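All residue numbers refer to positions in the sequence shown, counting from 1. Atoms within each ligand, like the ligands themselves, are counted from 1 in listed order. Every value quoted in this text rests on a predicted model; they were computed, and no experiment measured them.
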Amino acid sequence: MKVIKIETHVLSNPLDQSFFFSQWAYDERRICIVKITTDEGVYGWGEGYGPADIIQQGIVLLEPILIGKNPLENESLWFEMYRKTLDFARRSVLFAAISAIDIALWDIKGKALNLPVSTLLGGQHRKKVVPYATGLYFSHSKTLVDDLVSEAKEYVAQGFKAMKMKVGLSIEDDIRHVKNIRAAIGPDIKLMVDSNHAYSLREALELARKIEPYDISWFEEPVSPEFYDQYAQLRQKTSIPIAGGECEYLRYGFLQLFQNKSVDIAQIEICASGGLTEAKRIGSLASTFGVEVIPHVWGTGIGFHAALHFIANIEPLPGRLFPPDIYIEYDRTENAIRDRLTLPVVQMEAGYIDIPQTPGLGIDIDPEALKEFSTVS
Ligand code: MG
């Protein structure tokens, strides 16, 4: 089997309502996906996380490494892509290009061997996962607190057992939002907060201590991803578990997080940190430090399904007769591309999503949606 064609698509969807978090505002979802086709007609889909147009150029740069090669030898192809970019892209968006290609190669391998990607990764430790709703972003609405409370209640009504809200507006605003949302959702729903590295260590510690009474399951990216030691200091001073890693690349980046004892939970972004091939290695590395892994997911059904298969394969930590459920991040902000690009549509039942048992990633692309969202007609 040989790779004969690589096609990239930059997809765009202007939002009906813009929203923002601690760093910037969104008024468009813009995503780069890739289709890799083989001489036997088998094809795979992949997705990169980050600036879509740059990821597209990265895939174009890597294309000569892949054409004519056997896609089933995906680890050696990964290494060739890594080696050809290492000198100028040790930790960069080019790894989102490699990730997109890597995911597409796993999809091909699964379809060619008639196995789900999670089985190819080594097996399914679980058949279902618990999605947590990612939403509760900021807007300029004069009734922001009420809006957040309604949104949180809606997630509960939809059957979510957990949700993640944004903080990082100001410590006072954050406390008010956390207090109101916790009161609205009651004590049984898990609640996480994410500041997207908005705070200094002093501010993050103040916020952490003041929201400790609201039973927060984790504080995500409290400080800059560069400050591994500040993460560690914060961990020592709050009872809230600390999460991070969505801005980290490769096992070498995650090694710094682990060696510095920076996080309780490592959030690998499979579509940027090196694809499924590298995520598996990062997961193994995390297990040697006793660190939990819950991937960061923010994209279409391609990235979501890559995460489903990866999570199915994560070893329970620690192993026991009745291990706890693992979460998957389920972005609920406005994104028509995510909602319509892939089939079958993701189904949540009784607060769970099943691991796909069909070959490859277990999805295909709706050609109509691809055409509609494509930036090139
Ligand atoms: Mg985050």
Applying side chain to side chain donor-acceptor pair (under 3.5 Å) between N196 and each of E220, K166, Q23, report the one that passes.
->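 The option that passes is K166.
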
Taking NZ, NE, NH1 and NH2 as the nitrogens, is one of them in E372 or R340 under 4.0 Å from a carboxylate oxygen of the other?
->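 Judged by the 4.0 Å cut-off on N to carboxylate O distance, E372 and R340 do form a salt bridge.
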
State plainly whether the residues R176 and E172 are in salt-bridge range, i.e. N to O under 4.0 Å.
->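 Salt bridge absent between R176 and E172.
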
When the ring centroid of Y132 is compared with that of Y155, is the distance short of 6.0 Å?
->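 Ring centres of Y155 and Y132 not closer than 6.0 Å.
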
What about W298 and Y26, are their ring centers closer than 6.0 Å?
->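 Under 6.0 Å, so yes.
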
With a 3.5 Å cut-off and no angle check, do the side chains of T333 and R29 form a donor-acceptor pair?
->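 Result is yes, a qualifying pair exists.
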
Under 2.8 Å from the Mg ion (ligand 1), which protein N/O/S atoms are there?
->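 Metal shell, protein only: D194 OD2, E220 OE2, E246 OE1.
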
